[in-house]
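Encoded as structure tokens, the structure appears first; notes follow it.
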Amino acid sequence: MSRAQISALVCGVGGFGALVAATTSNEWKVTTRASSVITATWVYQGLWMNCAGNALGSFHCRPHFTIFKVEGYIQACRGLMIAAVSLGFFGSIFALFGMKCTKVGGSDKAKAKIACLAGIVFILSGLCSMTGCSLYANKITTEFFDPLFMEQKYELGAALFIGWAGASLCIIGGVIFCFSISDNNKTPRMGYTYNGPTSVMSSRTKYQGGEGDFKTAGPSKQFDKNAYV
């Protein structure tokens, strides 16, 4: 198993875990202390729930009661993050099948194709997450710097940074997986010829046969006594 595939797998699976954490987090946007009247109270909002807490430690969350009354950018971010998590899940499975150390996946050429497919899926997952987080952040910053926006203003939450980090890891891992197919083609498998086991009895027979030939050849070289007469 090459180091490139190990690093790609770590990046891809780590990015997938970060995407899951960002999707389920409730800290996509938080109230800014600059415009808050009561600085000891803050509000967190995510894709699925709204949460409020204070300095005393009390914390309360309530889900969005209806889908149709949720703003359009939140619904778009939900779809993009769900697509990113789904693609990251399938990318992780394809990556495990495309590793050289696994026995599933067939020959080296088939494993290289599966690894390339895993890389493409990871890249798509990272792009979906990057688009969703950027769309949400753009909405927050537009409202924050708009002087005509008189409602409660929010700042970027920790979930956005986790989503961006996970998207970057998925894209990096996907690119490495796509380049690993060229490494598999450049390093062909070494072939070895098998001539079969050498029998000990056959070697002994040959040795004894050779020794017998030497013994039988001896008397033929002896001359008769009449030859000297």
Side-chain angles (χ1 to χ4, degrees), residues 10-95 121-174:
V10 170
C11 290
V13 175
F16 168 67
L19 295 185
V20 173
T23 306
T24 57
S25 176
N26 296 321
E27 296 185 17
W28 280 67
K29 61 180 180 179
V30 297
T31 52
T32 171
R33 301 298 177 89
S35 61
S36 180
V37 180
I38 305 175
T39 57
T41 305
W42 57 90
V43 178
Y44 298 102
Q45 288 191 9
L47 298 177
W48 316 100
M49 289 186 180
N50 296 333
C51 301
N54 54 28
L56 299 178
S58 61
F59 198 78
H60 178 70
C61 293
R62 66 176 180 82
H64 298 295
F65 293 110
T66 177
I67 299 177
F68 300 105
K69 289 185 178 180
V70 178
E71 297 184 21
Y73 76 97
I74 297 180
Q75 294 182 359
C77 291
R78 281 180 175 180
L80 288 170
M81 294 306 294
I82 290 175
V85 171
S86 302
L87 289 171
F89 174 75
F90 288 110
S92 302
I93 295 178
F94 292 151
V121 173
F122 273 133
I123 292 174
L124 292 176
S125 174
L127 290 177
C128 288
S129 175
M130 191 76 70
T131 306
C133 293
S134 300
L135 177 63
Y136 202 98
N138 180 53
K139 182 66 175 180
I140 296 173
T141 53
T142 303
E143 293 178 352
F144 186 86
F145 292 106
D146 187 5
L148 301 178
F149 186 78
M150 304 306 296
E151 297 180 9
Q152 177 66 53
K153 294 185 178 182
Y154 293 89
E155 293 181 354
L156 303 180
L160 292 175
F161 299 99
I162 296 175
W164 281 324
S168 302
L169 287 176
C170 285
I171 292 174
I172 293 172

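Start at 1 with the first residue, then count along the sequence.
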Exercise for review: Quick one: which residue pairs count as a salt bridge (charged side-chain N to carboxylate O under 4.0 Å, His left out) with a foot in residues 122-141, not counting sequence neighbours?
Suggested key: K139-E143
**Study point:** NZ-CD1 distance between K153 and I140, expressed to the nearest 0.5 angstrom
**Key:** 13.5 Å
Side-chain donor-acceptor distances from residues 77-94 under 3.5 Å, at least two apart:
from	atom 1	to	atom 2	distance (Å)
R78	NE	L47	O	2.7
R78	NH2	L47	O	2.7
S86	OG	I82	O	2.9
S92	OG	G88	O	2.9

Check your understanding: Looking only at heavy atoms, which two atoms of Y136 and G46 are closest? And how far apart?
Key -> OH-O, 4.3 Å
Exercise for review: Provide the full list of side-chain hydrogen bond (donor to acceptor under 3.5 Å, both in side chains) pairs with a residue in residues 19-29, sequence neighbours left out, each pair given once.
Suggested key: K29-Q45, K29-Y73
Exercise for review: Look up atom CG in D146 and atom CD in E151, then write down how far apart they are to the nearest 0.5 Å.
Suggested key: 11.0 Å
Give every donor-acceptor pair under 3.5 Å between a side-chain atom in residues 160-171 and any protein atom, sequence neighbours left out.
from	atom 1	to	atom 2	distance (Å)
W164	NE1	S134	OG	3.4
S168	OG	W164	O	2.9

